[in-house]
Amino acid sequence: MVSLLYPNDPKVPEEPAEAQEPAHFRDVWLDRVVGEVTAGRDAYHLQPLFYEPLTSVAAIAHRQDVFRDLETPDTLDALIHFGEGMRDVRQCRELSTRSRNPRQQDRWFLEGVARYGQTIVRLADQLLAAAPASAGLQATTDYLQQYRASDPFQVMTEAAATLLRELAAVQHIVHIQGSRVAVRRYQGEVDYGARVADTFAKFRQGPVAPYPFQEAPGGDLNHIEARIVDLVAQLEPHLFRRLEAFHRDYRDYLPHTVARLDRESQWYLACHEYVERWRAAGLPLCYPTVADEPGPVVIRGAFHPALMDVMPPGHIVRNDFLLMGPERILVVSGPNQGGKTTYARLFAAVHYLAQLGCPVPAERASVSAFDQIFTHFQRQEEAGHPESQLEGELRRVRDILAAATPHSIVLINEAFSATTVRDGRALGRRVLERLTTLGARTVYVTFLEELSRLSDATVSVVALMASESAGTRAFRLVRQPSDGRAYAASLAARHGLSYDQIRQQIGGTPS
Amino acid sequence: MNVHLAFPDRDLDVTAPLRWGHEDLILDLQLPPLFEVMAGGEALLGRVARHALLTPLTDPAVIRYRQAAWGDCLAHPEPVQAWHTLSRDGAAAARRERAGLYTRRADSILHASRRAMGLLLSTLRDLRAVADAHRADFQSAAFQGLTRTLQRELDDAYLAEVGDELRTLAFPGGVVQSARLGPGLRSTDQVVRLAPPPPRGWSVRRLRRRREDTASFMVHPRDDSGHRFLGEWQNRGLEGTARALAQSVDHVLAFLQALESETAFYLAALNLYRALSPYGPLTLPDPAPLGSPRALSVTRIWDPSLALQQHAAPVPNDVQMDTARLLVITGANRGGKSTLLRALGLSQLLMQAGLFVPAASLEAPIVVGAFTHFKREEDRELTQGKLDEELGRLRDIVNHLAPQGLVLANEPFQSTNEGEGAAIGTQVIGALVDSAVHVHLVTHLYELASALQSMYPTAAFLRAGPPDGPSGPFVIGPGAPEPTAHAEPLYRRIFGETPEDRQPPSPAEPFLSATADQDARTE
């Protein structure tokens, strides 16, 4: 079995069963990420491939290797052209099936086969030249070399090319006078449109309106067009009989392996295009190290990719995560709008993308595998009666604690804020104690900063204002005890109007 | 075929976006009365004038190109006006011919374009006749070039050729097209062809054989959809020809539009010249190229907006700057400081539009982007919010500034107390000047002005003094800043005098300066 997505290993499922979007997707903003990644590729039905994180280090390496290959422009180019070529092939096939004119069906079918042949040959050539290093792409290259050299493929593409060449050579004249339509062979008559353009060429200056005309109708030939085709077919009877035979002879030409390769390469291209946007915006990406067993978490310079849709890349602040030794729980406090929730989302998003085998949005990432992700986020629409809200929250946290394992990731965001500070602190302490015992990796966002000093498993992270410019506030989350320091700077500097700031902005030389 | 009256190498594009900050320039330099005079009742003239004034040229060669063309227009306005009217009316008539053409059918477009082109042909003939009659009148490269273009490109032979082409485009013998069969057997590569007449000397037998090679069918007279499909098929082949002709009409219209706009520029200048000449001297300025060490030097400069509003000749001023790019104007309220600042800004725009300026003589460096930062009514209140807003506006200007830019600042940093205002102001103005930005500053802040004086000893300092006599004008002349200027608003506030009371101050009043030169003048 040749697959770009899974190593050739019988233990790995060939294709996830009909998968549902995981429950945490919305809270972690992975729904937005996957929506953006798969945008414009609906036809491939890629979403389910994002719903099943990989379960072995080998499978992750298999995909990371393919992604590394895609950083070679030649390999990337090969897959992009393959995707475009297959899109054309599918469209031709659809046109052939939908047509009601037999001559037109034959012609669309021929078109599809011809484009398919070109697409395969080009991919085989390009992959061979690019010499990919990954097991997935090497197996693909080998398969394509065999396939293109096979007799059936050779004979079919040769026949298609010959027919196309001969059909393209047929040029004819149509003379319309009122209701009379006459068709004859072309004999070198002068191009009149070009002469008109020449006559008026001297007025040509800038660009002008393109004058789009009515679209040529798609679908079937109408009876006038069919009559014209019939007259042309009368001029070339032999050619049209061979076209008919070709369609009959090659009905089922597309192997399953190629169709599958098409979809899988689209998954990689979708991810690749997405992460290239980070690179283009000057943001980092890296291939994470994923350990099988629980261990330290080191993530440097990470950002949530969904932020790219809501702010200019220059405003995105990057953050670090560090959990060493006994540390398991990041307790995040700081001012409102300080990016605390995004910080929690980011922790899970980096882990999830890593376990899909994708590059992750960080300078460096070393994580260990998770089994499940649990989130408890307070949502606007749930704000109801305070008592029932608190009860609902407690039930859900209890469910999470019951289902989570030491391999799980838990995000808890502003829990128990519907009650008094005293109650909230007491409940938060209990929950954190249980999470500490469990040992699950946790990000706990709270306005009760004292919860960060609970044990040596908890680490305090504080949102600090990094800069204030042009009306946007950016926060960086820093591992340090919370003390509520205020941010202060001079008046002019806050407006970017200090002497140095102005000099730097204008860039003139001193007189 | 190009007009090129406004630029030696391109057309004037009045639809190009204006620079950032142009709204402030219009407001602060009080440009609307000027635009109105320049329009003279014709909206296009006003639009072109507005665009040209707010899109300053930076190449002295282009400025001189326009100055020369303006000289031709002033000496011979008739052909300029004639071209303007002909191009405007000719284009309008052709557009009417195509108006209501919402179809995307090639035959309709072809037909309407044929009629429009027929009308344009006669306009082109008239334009050339004006060129023929006035060729000897022009001295400037711009108008000589246009005259030559019209005579060379629109000669009789060419105009006749266009006329013939328009007749052929009616397709009296039916439409002949070549075609191929595309991927879905739908006709493709449809090209309209001229059927060659049968060569002379062909025998009857060969003619008959040619007919035998032809297969044909008739669309039944009652087959309505068949006729429609046939029309659609034919239209697809006509697209290229229809597009070529329609675009040619667009190109001729673009040429006429360029001619209309670019003559409008000079006619607007003519309107302004005629309106301003009663009030004071007008002269062609001498622009110093970017980076040249030549400094601003102007005699008898006056503010046209004020003249147009008051229907009276304003007081002229002289300004002589040294190499430092900083001009600081201090002194009495109502002393004409803002008026002078406006006159300087407006002259800069007029010069860089390639026009005359309101002065007896003016030599000025070309600047890259001029910006105004004027005190606004709403800034008067002393609140932290106002200062934030003012600094925000200043920051926006800084973001758009480049070296060799110009900032006209009228009483900035007044939305906070004097100490803080001066401290911020010294920092900001100093950074601008050191970044090679030209700054013209009007300020009441003594601390700011005196700090700038010690930082930039070669900067130009002017001071507005009180009037010579009871009804005499305020005088602005060279003078160091003095700490007394803000005594006057204090006086006015305490004594309840409104700005409309143009009472000359009595000699005993405390805001009079104590320096020797002013004492000499007042006594």
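First the proteins, then the strands, lettered A, B, ... as listed; each starts at 1.
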Give me the atom names and distance for the closest heavy-atom approach of [X] to [Y].
{"X": "S225(B)", "Y": "H223(A)", "value": "OG-CE1, 3.6 Å"}
{"X": "G193(A)", "Y": "T241(B)", "value": "CA-OG1, 3.6 Å"}
{"X": "I502(A)", "Y": "S435(B)", "value": "O-OG, 4.4 Å"}

Working to the nearest 0.5 Å, report the span between [atom1] of [X] and [atom2] of [Y].
{"X": "W233(B)", "Y": "L221(A)", "atom1": "CH2", "atom2": "CG", "answer": "12.5 Å"}
{"X": "Q105(A)", "Y": "L185(B)", "atom1": "CD", "atom2": "CG", "answer": "11.0 Å"}
{"X": "N222(A)", "Y": "R186(B)", "atom1": "CG", "atom2": "CZ", "answer": "7.0 Å"}
{"X": "F200(A)", "Y": "D250(B)", "atom1": "CZ", "atom2": "CG", "answer": "12.5 Å"}
{"X": "L167(A)", "Y": "R180(B)", "atom1": "CG", "atom2": "CZ", "answer": "11.5 Å"}
{"X": "E232(B)", "Y": "E225(A)", "atom1": "CD", "atom2": "CD", "answer": "8.0 Å"}

Part of [X] within contact of chain A (heavy atom distance under 4.5 Å):
{"X": "N399(B)", "value": "both"}
{"X": "V249(B)", "value": "neither"}
{"X": "L169(B)", "value": "both"}
{"X": "T188(B)", "value": "neither"}
{"X": "V192(B)", "value": "both"}
{"X": "L124(B)", "value": "side chain"}
{"X": "A402(B)", "value": "backbone"}

With side chain to side chain contact (heavy atoms under 4.5 Å, CB included) as the test, would you mind laying out the steps for L181(B) and H172(A) before giving the verdict?
CA-CA 9 Å; L181(B) 295 178; H172(A) 52 279; 4.1 Å; yes
Contact class of [X] relative to chain B, heavy atoms under 4.5 angstrom:
{"X": "F109(A)", "value": "neither"}
{"X": "Y499(A)", "value": "both"}
{"X": "V232(A)", "value": "side chain"}
{"X": "E111(A)", "value": "side chain"}
{"X": "A168(A)", "value": "backbone"}
{"X": "A169(A)", "value": "backbone"}

With a 4.5 Å limit on heavy-atom distance, are the side chains of [X] and [Y] in contact?
{"X": "Q171(A)", "Y": "D189(B)", "answer": "no"}
{"X": "R228(B)", "Y": "I224(A)", "answer": "no"}
{"X": "H175(A)", "Y": "S216(B)", "answer": "no"}
{"X": "I424(B)", "Y": "L497(A)", "answer": "no"}
{"X": "D191(A)", "Y": "R193(B)", "answer": "yes"}

Would you say that more than 12 heavy atoms from the other residues, nucleotides or ligands in this model lie under 6.0 Å from the CD of E166(A), or not?
yes
Taking CD in Q91(A) as the centre, count heavy atoms belonging to other residues, nucleotides or ligands within less than 6.0 Å. Is the count above 12?
no
Hey, which of R227(A), R107(A), Q234(A) has the most heavy atom pairs under 4.5 Å with chain B?
R107(A)
In terms of heavy-atom pairs under 4.5 Å with chain A, which of G184(B), A244(B), G174(B), S248(B) leads?
G184(B)
Donor-acceptor pair, side chain of Y158(B) and main chain of T199(A), under 3.5 angstrom:
yes
Under the criterion side-chain hydrogen bond (donor to acceptor under 3.5 Å, both in side chains), I'd like the reasoning laid out for Y192(A) against E165(B): C-alpha separation, chi angles, the key distance, then a yes or no.
CA-CA 10 Å; Y192(A) 181 61; E165(B) 202 70 281; 3.1 Å; yes
